[in-house]
A.B. asks: 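Sharing a structure with you now.
All chains are named by letter (A, B, ...) in the order of the sequence lines, taking the proteins before the strands, and each is independently numbered beginning at 1.
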Protein chains: 2
Amino acid sequence: MSANSRLTIAAHALAWIGLYQRQGHEVATSEQIAASANTNPVVIRRLLGELRRAGLVESRRGVGAGWSLARELESMTLLDVYEAVEPGPLFAMHRATPDQGCVVGHGIQPAMQGIYEGIERTLRHELARVTLADVLRDVLAAPR
Amino acid sequence: MSANSRLTIAAHALAWIGLYQRQGHEVATSEQIAASANTNPVVIRRLLGELRRAGLVESRRGVGAGWSLARELESMTLLDVYEAVEPGPLFAMHRATPDQGCVVGHGIQPAMQGIYEGIERTLRHELARVTLADVLRDVLAAPR
DNA sequence: CCTAGTCGTAACAGCTAAGGTTGCAACAGT
DNA sequence: ACTGTTGCAACCTTAGCTGTTACGACTAGG
């Protein structure tokens, strides 16, 4: 499917900010998060920008600027993050509309659409069951 | 996620072959299927080749050659098709391994892996609930 | 044995998305 | 005024999907 790492990196960033704030700090910088995720600060800023639009984080500018959580990790689910960073559907239809004169060509899109909707609903339900606090707990539970 | 249409096209092809066989024909050609799906015959042959490797269809060569189902549509699920045409995982990890000296960088991959495994298990379960006979029934149930 | 129709597959081009990088303006605290 | 950071645009590289052409391999039928 050509999977991407956007959900993973976004969860990483949120867990990092959450832990940093638990340690008493006010804001985290994109550079710190990028160092932990081993990527470029701009990639982090782009992702956090989408999370900000979704109301999950806030940013300050100027000296001593950076990112902070807009809500508790307990109230954020992976579904919130998924919806913030993954706009499109999971499965695509035909690029060119199939032959409407053919019985299969005519009925295939509504049929698959109905099936895909059910599957995506289930996926969203699963994502909504995991909070970012769960993620951070699992992160800290890793051995060594 | 940059979704693709492989599962959709594969289901289209299988439904088409299944209906064609119900109408008494022996084999279907990639050209016929491509016309219905409004794409190129080579695209269909490539996809059906993967389905053949998975044991879902058979192909004959020579004059009067073409494709036929290797099993009944009732015994084929969307999971069989999905696994035949979508090898990789749904969500990717970091491209570069995160900073192992950081607590979050160290624990994030096992944490997300565990979560993703549960989600993919659910996705597969949902896909396994839909047979290709269900798909064809839905196709034929489309209005007009 | 020859022909015709179809598969099997390689090769290539176009497109899109993700990810990485650089550069710089905007901003705000000191 | 200075400094550190965000916000954002621009560009590049890579990878995967899709479409297309080309051609050899194969086989039923004459």
Side-chain angles (χ1 to χ4, degrees), chain A residues 1-10 12-13 17 20 25-35 37-53 57-68 70 84-98, chain B residues 1-10 12-13 17 20 25-35 37-53 57-68 70 84-98:
Chain A
M1 185 83 74
S2 92
N4 64 46
S5 61
R6 298 165 66 78
L7 184 60
T8 304
I9 303 293
H12 186 142
I17 300 172
Y20 199 58
H25 300 89
E26 284 280 324
V27 296
T29 70
S30 61
E31 193 156 0
Q32 294 171 314
I33 301 168
N38 195 5
T39 181
N40 192 291
V42 176
V43 174
I44 299 297
R45 290 208 286 272
R46 279 201 287 240
L47 269 176
L48 287 180
E50 298 177 43
L51 298 186
R52 172 158 42 78
R53 255 168 262 134
V57 300
E58 289 164 350
S59 64
R60 268 193 243 161
R61 306 179 67 167
V63 172
W67 303 84
S68 54
V85 302
E86 296 283 358
L90 206 50
F91 302 106
M93 285 295 146
H94 311 62
R95 306 184 107 188
T97 66
Chain B
M1 186 84 74
S2 91
N4 63 49
S5 62
R6 297 165 66 74
L7 184 60
T8 304
I9 303 293
H12 187 142
I17 300 173
Y20 200 57
H25 300 90
E26 284 279 325
V27 297
T29 70
S30 61
E31 195 157 358
Q32 294 172 314
I33 302 168
N38 196 5
T39 180
N40 193 290
V42 176
V43 174
I44 299 297
R45 290 208 287 271
R46 280 200 290 240
L47 268 176
L48 287 181
E50 298 177 43
L51 298 186
R52 173 159 41 77
R53 254 167 263 135
V57 299
E58 289 165 350
S59 64
R60 269 194 242 163
R61 305 177 71 166
V63 171
W67 304 83
S68 54
V85 303
E86 296 283 357
L90 204 52
F91 301 107
M93 285 296 146
H94 311 63
R95 306 182 109 188
T97 65

A.B. asks: My understanding is that only residues two or more places apart in sequence, or in another chain, count here; which of them pass side chain to side chain donor-acceptor pair (under 3.5 Å) with Arg61(A)?
C.D. replies: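 So Arg61(A) forms no side chain to side chain donor-acceptor pair (under 3.5 Å) with any residue.
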A.B. asks: Among the candidates dT22(C), dA10(C), dC7(C), find the nucleotide nearest to the side-chain atoms of Val42(B).
C.D. replies: dA10(C)
A.B. asks: In whole angstrom, give the distance that lies between atom CZ of Arg45(B) and atom C1' of dT9(C).
C.D. replies: 9 Å
A.B. asks: Do the rings of His12(B) and His94(A) sit parallel, tilted or perpendicular, given the 30° and 60° boundaries?
C.D. replies: perpendicular
A.B. asks: Round to the nearest Å and state the distance from Glu26(A) atom CD to dA28(C) atom P.
C.D. replies: 17 Å
A.B. asks: With sugar-phosphate meaning primed atoms plus P, OP1 and OP2, does Asn4(A) contact a base, only sugar-phosphate, or nothing at under 4.0 Å between heavy atoms?
C.D. replies: sugar-phosphate
A.B. asks: Once you round to the nearest 0.5 Å, how far does CG of Leu7(B) lie from CE of Met93(A)?
C.D. replies: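 Taking CG in Leu7(B) and CE in Met93(A), the distance rounds to 9.5 Å.
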A.B. asks: Going by the rule side chain to side chain donor-acceptor pair (under 3.5 Å), which residues pair with Ser59(A) if we only count those two or more places apart in sequence or in a different chain?
C.D. replies: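 Per chain and number, Ser59(A) pairs via side chain to side chain donor-acceptor pair (under 3.5 Å) with Arg52(A).
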A.B. asks: Figure out the CH2/P separation between Trp67(B) and dT6(C), and round it to whole Å.
C.D. replies: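 Between P of dT6(C) and CH2 of Trp67(B): 14 Å.
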A.B. asks: For the pair Glu31(A) (side chain) and Pro41(A) (backbone), establish whether a donor and an acceptor sit closer than 3.5 Å, ignoring hydrogens and angles.
C.D. replies: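 No; judged by distance alone, with no hydrogens or angles, the pair does not exist.
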A.B. asks: Asn40(B) CG to dT9(C) C1': how many Å, rounded?
C.D. replies: 13 Å
A.B. asks: Can you tell me the distance, in whole Å, between the CD1 atom of Ile44(B) and the P atom of dG8(C)?
C.D. replies: 13 Å
A.B. asks: Residues in side chain to side chain contact (heavy atoms under 4.5 Å, CB included) with Ala92(A), at least two apart?
C.D. replies: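 Ala3(B), Ser5(B).
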A.B. asks: Taking the side chain as every heavy atom from C-beta outward, state whether Arg45(B) and Leu48(B) have any atom pair closer than 4.5 Å.
C.D. replies: no
A.B. asks: Only counting residues at least two apart or in another chain, list the ones meeting side chain to side chain donor-acceptor pair (under 3.5 Å) with Arg6(A).
C.D. replies: Glu50(A)
A.B. asks: Rounded to whole Å, how long is the line connecting atom CZ of Arg46(B) with atom P of dC12(C)?
C.D. replies: 14 Å
A.B. asks: Quick one, which residues of residues 57-66 of chain A touch DNA chain D with a heavy atom under 4.0 Å?
C.D. replies: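 Output list: Ser59(A), Arg60(A), Arg61(A), Gly62(A), Val63(A), Ala65(A), Gly66(A).
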A.B. asks: For Arg95(B) and Glu31(B), find the nucleotide of DNA chain C closest to each by heavy atoms; which residue's nucleotide sits nearer the 5' end?
C.D. replies: Glu31(B)
A.B. asks: Measure from the side-chain N and O atoms of Glu58(A) to the backbone N and O of Ala70(A), and report whether any donor-acceptor pair falls under 3.5 Å.
C.D. replies: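 No; judged by distance alone, with no hydrogens or angles, the pair does not exist.
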A.B. asks: Would you grab the first and last nucleotide of DNA chain D (5' to 3') that comes under 4.0 Å of any non-hydrogen atom in chain B?
C.D. replies: dC17(D) to dA28(D)
